[in-house]
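Side chains are part of it too, since the values below use all heavy atoms of this structure and drop only hydrogens, waters and symmetry mates. Index from 1, following the sequence.
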Amino acid sequence: MAQVPQTFFDALAVRTWCGLALESLGRAREDIDAINVYPVADGDTGTNLYLTVESAVAAVEAVFTAYDDGKPTLADAARAMAHGALIGARGNSGTILAQLLRGMAQVLAADGETAHTDGSGLRLALRQAADSARGAVAHPVEGTVLTVASAAADAAGGAEGEDCGAVARAAYEGARTALAATPGQLAVLERAGVVDAGGRGLVAVLGALVETFTGEAVAAFSVLHARVEDGSHGTPLLGEDACPADAEDCGDAVGDGGPAFEVIYLLEAGDDAVARLRERLDGLGDSLVIVGGDGLWNVHVHVDDAGAAVEAGVEAGRPYRIRITHFGIDDAHTTGRQPSRERVQRAVVAVVPGEGLAGLYTEAGATTVLARPGEPPASGELVEAVRRAHAREVVLLPNDADLRHTAAAAAEQARTEGIRVALIPTRSAVQGIAALAVHEPERRFDEDVVSMTSAAGATRYAEVAVAERQSWTMAGICQAGDVLGLVDGDVAVIGSDVTATAESVLDRMLAAGGELVTLVLGDEAPEAIAEHLEARVRESYLAVDTVVYRGGRQGALLLIGVE
């Protein structure tokens, strides 16, 4: 569905931009990870940027929820975006992105009562973003995300008129051009044959800004690349129609001979203490970035003596959320977390839409994450669930097409902690049920994953729900209150009666054959619907079995699976 353009930069535009940026980074995450060679070839820039923006999205959504009328001011939304990115910033590029967003917020929130700003305000915000990010880095290097940000601000400054869309597009094109030039500015990128990974991520974020104000997605691009592993440099090949500026970015800095640890923490401290901390950490290591202000900072540095970096933070103020990662080792360690029991060999972690299914999955041995209607879990919740499973190997079932990027980011994060994770792209809880039914922990991991993936893929899924508003669908225009039958994610039936609509959906699915029908009833489903549908299957489809589960408060009235 096309994005409704935002004429001015207001609170809704902030919310829209954050959401679109998260989607864009989700699509590009693996490619950005694959070209990450600077400052360390650790293959996580795309994941770190995604997690940083995910935190910003959560903070902005919380602000909208806090207002009774759902209409926060531009200042409130911008500050929330910046604060969310600051506390959730991951890695070198994520920390710099957080400062870019903070710089923008300083301009957008300058007048707390202003409802919106125009192209002039956006130009100033992009300029402040680039300048403040450059000032946060101890030793700025050209050919990185800093260069791309400065080029975007320069191009925006030359855009004519007060239209936010024109300014955003100019910034995006300026960033693309600068990104294409990064291999010529940084030797490690030229040797690897890639562009800067952090800069590539910023281009994706600016592309989302263009879509926010124009309603049009920026042109897609294709990139063929070799993944950079163990410090070696693969050579990406740009597709014939691809713009080099769109090539996935090459990350932050070389790992050969560099510091052994990445240290990140949030810090509560005053400006003077942070100035002294900056000098102390600059003497301990490199890739130093300290962002934030108003008493709260995000500190990022690469050092050989991780303890000294943390001690410096203690002397400056109160460090917390301390994360220490050893480069070149598969697992990352967070201070204060010790193993409490011996790990099991394998576990299944699944997202489920209701309490009833949570009980069903738990009985089958899975660790569950409850996704309440309208409240999808963040990647951090999925990572915590993977940790809670306490297994060496984990099969992750997102059970929702919209969670694919979130689950992928969580899986990547869990892998850095030494956990072997396989993500099966289940789109519905009924596909997860099918996968769980064939799960055998005693099998080899790869064999188990293949079997579970095959079972999920062989299960068609549908749901019956009530439309909340008028909308265009594949089956025509629906009105608020209409009963919708969705098959494989698309509206196939629009009706007025729940049972009749469900029967129509079931007939469509069984027309292609099937051996087992799974029905998962929500709390608001009609009492007799399961009995009616079971009778329909018995009478019209010989040799097809039916199983019924109670899903609880799962959002949809009914989930249907056909194997």
Side-chain angles (χ1 to χ4, degrees), residues 18-57 85 88-98 100-101 144-146 148-149 175-176 179 182 188-189 192-208 218 220-229 233-234 236 238 242 245-253 255 262 264 287 289 300 323 325 327 332 378-380 382-383 403-417 421 423 425:
C18 288
L20 290 174
L22 188 64
E23 292 178 8
S24 181
L25 288 171
R27 292 189 295 268
R29 183 188 62 79
E30 290 185 352
D31 288 330
I32 296 175
D33 283 347
I35 60 167
N36 171 201
V37 298
Y38 178 85
V40 176
D42 49 1
D44 63 358
T45 290
T47 299
N48 287 338
L49 289 170
Y50 181 89
L51 295 172
T52 301
V53 174
E54 183 183 54
S55 182
V57 168
R90 304 293 290 272
N92 190 66
S93 295
T95 307
I96 293 174
L97 178 60
L100 287 166
L101 297 179
T144 65
V145 62
L146 298 176
V148 176
R176 279 170 52 105
L179 180 64
T182 55
V188 64
L189 304 181
V194 293
V195 294
D196 178 66
R200 169 63 191 95
L202 180 58
V203 167
V205 172
L206 291 174
V218 296
F221 55 87
S222 60
V223 180
L224 301 176
H225 57 74
R227 179 172 287 276
V228 179
E229 294 179 346
H233 301 310
L238 299 181
D246 279 337
E248 295 303 357
D249 181 43
C250 302
D252 287 313
E262 177 185 57
I264 303 174
S287 297
V289 185
H300 170 281
R323 183 173 180 81
T325 303
F327 293 125
S379 59
L382 301 188
V383 173
L403 288 178
R404 61 191 185 280
H405 297 319
T406 301
E412 193 70 26
Q413 174 60 32
R415 292 182 188 117
T416 69
E417 301 180 11
V421 182
L423 172 62

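In this structure, the side chains of Val148 and Arg176 stay at 4.5 Å or more apart for every pair of heavy atoms. Side-chain contact check for Arg323 versus Glu262: every heavy-atom pair is 4.5 Å or farther apart.
When all heavy atoms of Gly19 and Val57 are compared, the pair lying nearest together is N-CG2, 4.1 Å. Across all their heavy atoms, Ala149 and Leu100 have their closest contact at CB-CD2, 3.8 Å. The two residues Thr47 and Ala409 come nearest to each other via the heavy atoms CG2-O, 4.0 Å. Across all non-hydrogen atoms, the minimal contact from Leu101 to Ala85 is CD1-CB, 3.8 Å. Residue Ala414 comes nearest to Val421 through the heavy atom pair CB-CG2, 3.7 Å, listed as atom of the first residue, atom of the second, then distance. The two atoms that bring Gly199 and Leu179 nearest to each other are C-CD1, 3.7 Å, heavy atoms only.
Scanning for side-chain contact (heavy atoms from CB on, under 4.5 Å) contacts around Ala204 gives Ser24, Leu25, Arg200, with sequence neighbours left out. With sequence neighbours excluded, the residues forming a salt bridge (Lys or Arg N to Asp or Glu O under 4.0 Å) with Arg29 are Asp33, Glu412, listed by chain and number. Legend: residues meeting side-chain contact (heavy atoms from CB on, under 4.5 Å) with Ala89, ordered by chain and number and at least two apart, are Thr52, Thr95, Ala98, Asn298. Applying the side-chain contact (heavy atoms from CB on, under 4.5 Å) rule to Thr406 yields the partners Tyr50, Glu54, Ser379, Leu382, Leu403; only residues at least two apart in sequence or on another chain are considered.
Side-chain atoms of His300 come within 3.5 Å of backbone N or O of Asn92 as a donor-acceptor pair. Between the side chain of Asn36 and the backbone N or O of Asp44 there is at least one donor-acceptor pair closer than 3.5 Å.
In this structure, CG in Leu49 is found 9.5 Å from CD1 in Ile96, a value given to the nearest 0.5 Å. The distance from the CG atom of Leu146 to the OG atom of Ser93 is 9.0 Å, given to the nearest 0.5 Å.
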Quiz item: Where do Leu97 and Val53 land on the side-chain contact (heavy atoms from CB on, under 4.5 Å) test, with the steps shown first?
Solution: CA-CA 9 Å; Leu97 178 60; Val53 174; 3.6 Å; yes

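There is no side-chain donor-acceptor pair under 3.5 Å between Glu23 and His405.
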